[in-house]
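See below for the structure under consideration.
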Amino acid sequence: MNIRIVLALALATTALLSLPAMAQKSGGTLVQITQPEPPNLAPYISTSAPIGQVTAKVFDGLLEYGFDLKPKPSLAESFEVSPDGKSITFKLRKDVKFHDGKPFTSEDVQFTIMEVLKKNHPRGIATFRDVTAVDTPDAHTAIFRLATPAPVILKALSSYESPIVPKHIYGQGDIKTHANANTPIGSGPFKFGEWRRGEFVRLDKNPNYWRAGLPYLDRLVVRFIADASTRTAALEKGEAHVAGLGAVPYNDAKKLAARPNIEVSTKGTEMISPMVELLFNTKQAPFDNPKVRQAISYAADRNFTIENVWFGFGKPAMGIISSNFQPSGLFAPGIDFTVADRIERANKLLDEAGFPRKADGTRFEFTHDITPYGEEWQRFGETIQQNLAQIGVKATLRYEDLPKWLKRTYTDYDFAVTSNFLFNLADPVLGVHRAVHSDRIRPGTVFVNGSRWSSPETDALMDKAAVEPNEAARGKLYAEFVQKVSEASPIAYILEVTYPTVINKQFKNVIDTPLGIYGNFATVHRE
Amino acid sequence: MKSGSLGSYIARRLLQTIPVILGVVIVNFLLLQLAPGDLATVLAGEAGGAPKEYIDQLRARFGHDQPVYVQLFNYMKNLLFLDLGYSFRQSAPVLELLLKRLGPTLLLMGSTLVVSLGLGILMGLLAALWVRTWKDHVISVVAIIVYATPLFWVGLMLVLVFSIWLDWFPTSGMEDVVAFHEGWARFVDIAHHLVLPTLTLSLFYLALYARLMRASMLEQRGLDYVITARAKGQTERKITTRHVFRNALLPVVTMAGVQTGGLLGGSVVVEAIFAWPGLGQLAYQSLFARDYNLLLGIFFMSAVLVVIVNLIVDVIYVFLDPRIRIG
């Protein structure tokens, strides 16, 4: 075995020397760690986080995005929005073939949007709600017909969010239990090779990929390792090369960053925008009082949490909309809860709200539920518990498993305050509206409006922003909206997580989209 | 003992296990109903939220909108035809998922049984022969320490020492996913990956068997038949190997049979640490996803495994001790 490695090294060195200095080197196997193992490889019916980390490499989207969240061509060479915003015309590439050799046409776009995503995709149902038809005047033109303008659509066409699937395959049989659910066929840079459950998914280079000369890698292997320490060990030893989105514990990411062969990047969450928050049950005393909610928001020590719980991988949240939307002009800050005299303000608010300190120094107590996503959430709960003790509020922590917690928070509303982890995603319409809009108060639906707070003004602002084609005008609507939400504070926004992606320095250009590890890895290459 | 009677014994025992396994299935099914939350909400949760219509649609597809007794009846009916149902979360038939995981689990269990029994018996035997010398004390103390150490800690330390520091073994997985060896090289590669998980899981049982073997040897040595043998003029060596050793094995074999259930449980931890693609990990994942079809399938498979191993143990008794008769 050793002889073979030496030989391979010798060959590789020779190859390297004979190449022009600037050319990207082809070949090699990249091992990515994804946690947990995806339940299936059907991104068109599920947005489960690990699925996209695999399938974004297999499928293409109509568009891709730059770090400024501006669209870039992909399967669509160009697009044009009509002046009234009610139709979008996509010009499609003519040289694209699916992995089975059949050509990609506008039929596939029509089928994917109308039959698959609009009907079955957990977020697509909302994103494409206003698409009434997709016209296909010729094989390489697809026209989206909309009931109302929906600027969100142009943000939601990446290979991760809206993968284009071949009609001749996925159109056969029931899409929900499709035979190819675990053996995806797309047009992306990598072809599905093999999935050994509990071990890995192997993706092989697509030699007929439409971007000439790409991908550089011969193979991509996605490994599944249940134990966090073992994941770290595998990365440290170079058995695996890339891991992100929480696959490596934050403290381990910090340790790994110190190693010479490893780089830790915090780019690649610009279109995901995860937010750590405290969700209040606004239908129940004492959290039906906005003053109490604001007081809790003031009391939460955001900087301490970032440094000590998330090991520096985050920044203080400034409102319901993530600062990642700054480049697109949709961001605006709400009330600043990080001011120096925040504890005094919190105390004052609670006094005003009618919760004076009792003889023992406490005001009231409640049970704080913890998001069951891992250890850092437990520590977050403890941090908040200590912060609240400063203002005389006693929190008791409760930790349950995911199904139980989901049911408690989103079906039974049997909670007072719970921590929560909600993503802003590619556009506020996708990730933000769901948290506070009155039409998203739906018992039994998870990750929607769990606080059950809403107001006619904020509803109206969101409805307007959803159909406003002009970005600047949208930004103004959102600025007013953010201010109103932060005055009511149905949710205390604590921090924006900047997920660390751990990358072996052998590989370059791993994170080249705002979707990070949800990118397609076509341009990843060895050094 | 005639082979015919052995065959009919095994057949009868297998027949007797059917009600046991059915009982296990029914109890498990009812127990799982008690856990709050269901697969539909988990799927929606994993998807980062979904409209209510989507969740209702899922429930109807899973048959979770039916009363519990109807669900149980349907499950049992399908089980008769070895149809373990479909895992909606993993988009694959349960039986297919189980069979894929059975190989690695049997490999890990098998190698652990061999290593822990082999070394455990050897250590117990030596300790008994060297009883009350410093060697006996060393073996006993080591056994107690190993027995008391948590599995996950042993696993992580082995990874740290033998994988990261010494670079002798890979950290995890069942084979090298960059090289993808074939044929003999693949066999060697899998064996190489098997060492650390087997060692981790074996250490605990090894300690158990060693202590049991030592006690059993000492007990047997004091019995009348040993004095008789000695009176017949047999050598000590022969007494130990032919008489004492064989009889002392019985409790160890019994314990090994009883421990197979525990071995499956212990393998959940070891499989998680070493990313070993066995049933244990699958069980763990499906529990937290409320993937009941899959979980029931795993319970069913585990029950069958435990029953079969115990049957094998009973048959081994007969060979070890001719006094034990089947029937």
Side-chain angles (χ1 to χ4, degrees), chain A residues 1 4 29 31 36-37 39-42 46-51 120 122-123 125-126 176-178 181-182 196-200 202 219 221 223-227 229-231 233-234 236-237 239 400-408 410-411 422-423 425 431 434 442-448, chain B residues 35-39 41-57 61 86-92 97 100-101 104 152 155-156 159-160 163-164 167 170-178 180 185 188 271-278 281-282 284-285 288-291:
Chain A
M1 208 148 52
R4 211 179 305 161
T29 298
V31 179
E37 182 168 14
N40 55 54
L41 295 178
S46 173
T47 44
S48 172
I51 296 178
N120 302 295
R123 292 199 289 263
I125 293 175
K176 291 187 203 97
T177 52
H178 199 271
N182 292 330
R196 256 190 252 160
R197 297 250 178 203
E199 283 185 85
F200 61 83
R202 195 193 78 230
R219 197 184 263 157
V221 177
R223 279 191 65 187
F224 314 115
I225 302 174
D227 186 80
S229 314
T230 313
R231 290 198 289 275
E236 188 172 347
K237 199 158 171 264
E239 285 176 20
E400 296 168 328
D401 77 349
L402 183 66
K404 206 167 171 187
W405 176 78
L406 286 173
K407 188 165 183 283
R408 181 184 289 286
Y410 289 106
T411 305
L422 220 53
F423 293 7
L425 303 169
R434 58 178 173 171
R442 297 185 177 196
T445 304
V446 297
F447 300 122
V448 286
Chain B
D38 72 341
L39 177 60
T41 36
V42 174
L43 282 179
E46 281 181 337
K52 172 119 175 60
E53 304 81 66
Y54 178 76
I55 294 176
D56 289 342
Q57 213 183 342
R61 220 169 88 216
Y86 189 83
S87 165
F88 291 98
R89 185 167 178 273
Q90 311 238 12
S91 296
L97 288 168
K100 272 193 191 153
R101 295 297 186 92
F152 74 90
L156 290 178
V159 169
L160 190 67
S163 184
I164 295 194
D167 200 11
T171 58
S172 55
M174 197 164 92
E175 55 185 303
D176 186 335
V177 295
V178 174
F180 282 107
V188 172
E271 285 175 14
I273 293 173
F274 293 98
W276 191 261
Q281 264 205 80
L282 194 66
Y284 184 78
Q285 291 169 358
F288 284 98
R290 301 285 192 269
D291 190 347

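Residue numbers begin at 1 in each chain, while the letters A, B, ... track the order of the sequences.
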Taking side chain as C-beta onward, heavy atoms only, is B:V178 less than 4.5 Å from A:V221? no
Under 4.5 Å from any heavy atom of chain B - which part of A:R197: both
So which part of B:P104 gets closer than 4.5 Å to some heavy atom of chain A, the side chain, the backbone, both or neither? neither
Which bit of B:D176 is near chain A, if near means a heavy-atom gap under 4.5 Å: side chain, backbone, both or neither? neither
Looking at A:R196 and B:E175, is any side-chain nitrogen of the basic one under 4.0 Å from a carboxylate oxygen of the acidic one? yes
Most chain A-contacting option - heavy-atom pairs closer than 4.5 Å, from B:I273, B:D167, B:L97, B:L156: B:I273
Given 3.5 Å as the limit, does a donor-acceptor pair link the side chain of B:R101 with the main chain of B:Q281, or not? no
Pair count under 4.5 Å, heavy atoms only, with chain B: among A:L41, A:I225, A:D401, highest is A:D401
Sort A:E199 into side chain, backbone, both or neither according to what part of it lies under 4.5 angstrom from a heavy atom of chain B. both
Closest contact, heavy atoms only, A:P39 versus A:N182: O-OD1, 4.4 Å
If one checks every heavy atom of A:R202 against chain B at 4.5 Å, the contacting part turns out to be side chain
Between A:F200 and chain B, with a heavy-atom cut-off of 4.5 Å, which part of the residue counts as in contact: side chain, backbone, both or neither? side chain
Partner chain B: residue of A:G431, A:A233, A:A181 with the largest heavy-atom pair count (under 4.5 Å): A:A233
Measure A:K404 against the heavy atoms of chain B and call it side chain, backbone, both or neither at under 4.5 Å. both
Scored by heavy-atom pairs under 4.5 Å with chain A, the best of B:L160, B:I164, B:V159 is B:I164
Heavy-atom distances under 4.5 Å only: say whether B:Y284 touches chain A with side chain, backbone, both or neither. neither
Does the side chain of A:E236 come within less than 4.5 Å of B:T171's, by heavy atoms? no
Atom CG of A:N120 and atom NE2 of A:H178: how far apart are they, to the nearest 0.5 Å? 11.5 Å
Hey, is the main chain of A:T29 close enough, under 3.5 Å, to the side chain of A:R219 for a donor-acceptor pair? no
If you count heavy-atom pairs within less than 4.5 Å of chain A, which of B:G155, B:G278, B:A92, B:P277 leads? B:P277
What orientation do A:W405 and A:Y410 show, parallel under 30°, tilted 30 to 60°, or perpendicular over 60°? perpendicular
Toward chain A, the part of B:L282 with a non-hydrogen atom under 4.5 Å: neither
What residue in A:R408, A:R223, A:E37, A:K407 has the most heavy-atom pairs under 4.5 Å with chain B? A:R223
Do B:V177 and A:E239 have side-chain heavy atoms sitting under 4.5 Å apart? no
For A:A234, is it the side chain, the backbone, both, or neither that has a heavy atom closer than 4.5 Å to a heavy atom of chain B? both
Is the shortest heavy-atom distance from the side chain of A:L422 to the side chain of A:F447 under 4.5 Å? yes
